[in-house]
Student: 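Dropping the structure in here first, questions after.
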Amino acid sequence: MQMLASKFEELFGSAPEVIASAPGRVNLIGEHVDFLDGFVLPFAISDVTTVAIARNQSNQIRTASMQKSGAIFQTEVAKLTPKTGEAWSRYPIGVIWALEISTGLDILIDGEVPLGAGLSSSAALECAVATALNSLFELGFSLPELARIAQRAENIYVGMPCGIMDQSVSLMATAGNALLLDTRDLSTEQIPFDIAPLGLELLVIDTQVHHKLVDGGYAERRASCEKAVSDLGITSLRDISVADFIARKSELDAKTFSRAFHGVTEMQRVLDAVQLLKSGDFVGFGEVVSAAHISLRDNYTVSCPELDLAVETAQKFGALGARMIGGGFGGSAIALIKARDLELIKSEIISAFMAAKFKAPRFFSALPSAGAAVIN
Ligand code: GLA
């Protein structure tokens with residue numbers, strides 16, 4: 001933090017007025033249902049993005065990042081236009097736009113959340129900025145309101161039609177717990193996820209694949225689910241049971257059916273997974289996690305060979321459950337493993353990737369951590 005503050009002074013010639021940070025996330029279960037009124041069960045990771053912000057006396061927003069060698073991107077606050085400007089600067093500027101702030105600002109970003117790894121570095125950045133500005137301007141927004149504002153920044157200013165999961169967990173997570181979030185009304189329940197005393201560990205496998213078409217593929221599948229809702233004449237996929245959905249199969253084309261089938265079954269899997277966690281049944285929980293991967297791979301078709309190989313290898317060498325997380329087409333998978341199998345599973349995944357001539361994967365261990373905070 002000291003380094004961030006001194007770099008800020010060096011770049012902008014004044015001290016920051018506020019410093020805030022927000023974490024990335026992993027998602028235990030509930031994938032691609034956060035724009036369908038579904039339930040999701042993510043937790044915040046310990047990697048955070050930190051932002052230092054101060055008002056300046058001009059009509060300019062000046063944005064710089066420690067990861068971009070401190071080059072300053074400058075834009076006039078009165079002329080903010082969605083989908084313009086340096087790609088990375090759209091996230092913080094989008095939040096300023098969504099908050100309708102009209103004051104000149106200096107912003108320095110320090111991002112620890114690995115980029116492009118499917119761990120939601122973008123939501124971490126949006127939520128750090130939203131948290132800092134909420135405090136600096138004493139705006140008084142609640143955490144669910146800030147989540148909606150950050151989502152609006154990403155949907156409209158950045159142009160990515162994401163759901164509300166990543167922003168919600170980045171803001172509302174608490175240490176030691178996964179966040180059961182109802183994306184219909186943003187109500188939450190903290191679900192203890194204290195696996196270390198049980199000899200378990202959540203391994204994150206970053207495949208290092210960053211699919212260029214992720215935005216198009218994501219939006220296209222989301223549109224299929226919305227088509228299913230309209231073809232069936234229902235208000236939401238949340239409002240139909242798995243059995244009723246199957247019974248109406250003939251009303252949908254094959255692609256629409258299989259994508260929406262993922263959504264309907266995934267919502268049920270989240271509820272099942274929460275019950276299993278509450279009863280301490282980690283074997284059953286792992287099976288539901290693995291079932292989610294099969295559905296993402298076969299019904300929703302957002303996996304890729306690297307994710308499938310990571311998941312299959314982890315399972316083959318003892319994982320209780322494993323699946324891809326996030327938007328898909330690359331990024332990370334998670335595996336719930338016995339801590340004593342950690343080195344074996346990592347080395348088997350490395351060997352399998354080498355044999356398949358894939359890029360070497362990276363590994364992290366994830367523990368449920370706290371959400372966004374003003375730190376100065
Ligand atoms: C991305 C989006 C989220 C969510 C996941 C898939 O991370 O930002 O809103 O839809 O994909 O579950």
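One-based numbering, in listed order, for ligands and for the atoms of each. Just so you know, these numbers come straight off a predicted model, no measurement behind them.
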Student: Can you find a heavy atom in the side chain of M1 that is under 4.5 Å from one in the side chain of I19?
Tutor: yes

Student: Output the set of protein residues with a heavy-atom contact under 4.0 Å to ligand 1, ordered first by chain identifier and then by residue number.
Tutor: R25, E31, H32, D34, F35, C162, G163, M165, D166, Y218, G326, G327

Student: Would you indicate whether the side-chain heavy atoms of C162 and Q167 approach each other to under 4.5 Å?
Tutor: yes

Student: Looking at side-chain heavy atoms only, is the closest gap between P305 and F358 below 4.5 Å?
Tutor: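 Sidechains of F358 and P305: in contact.
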
Student: Does S120 reach the main-chain N or O of D166 with its side chain, forming a donor-acceptor pair under 3.5 Å?
Tutor: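 It does not hold such a pair.
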
Student: State which residues pass salt bridge (charged side-chain N to carboxylate O under 4.0 Å, His left out) with R248; sequence neighbours excluded, sorted by chain then number.
Tutor: E251

Student: Could you check whether Y218 and H32 have their ring centres less than 6.0 Å apart?
Tutor: yes

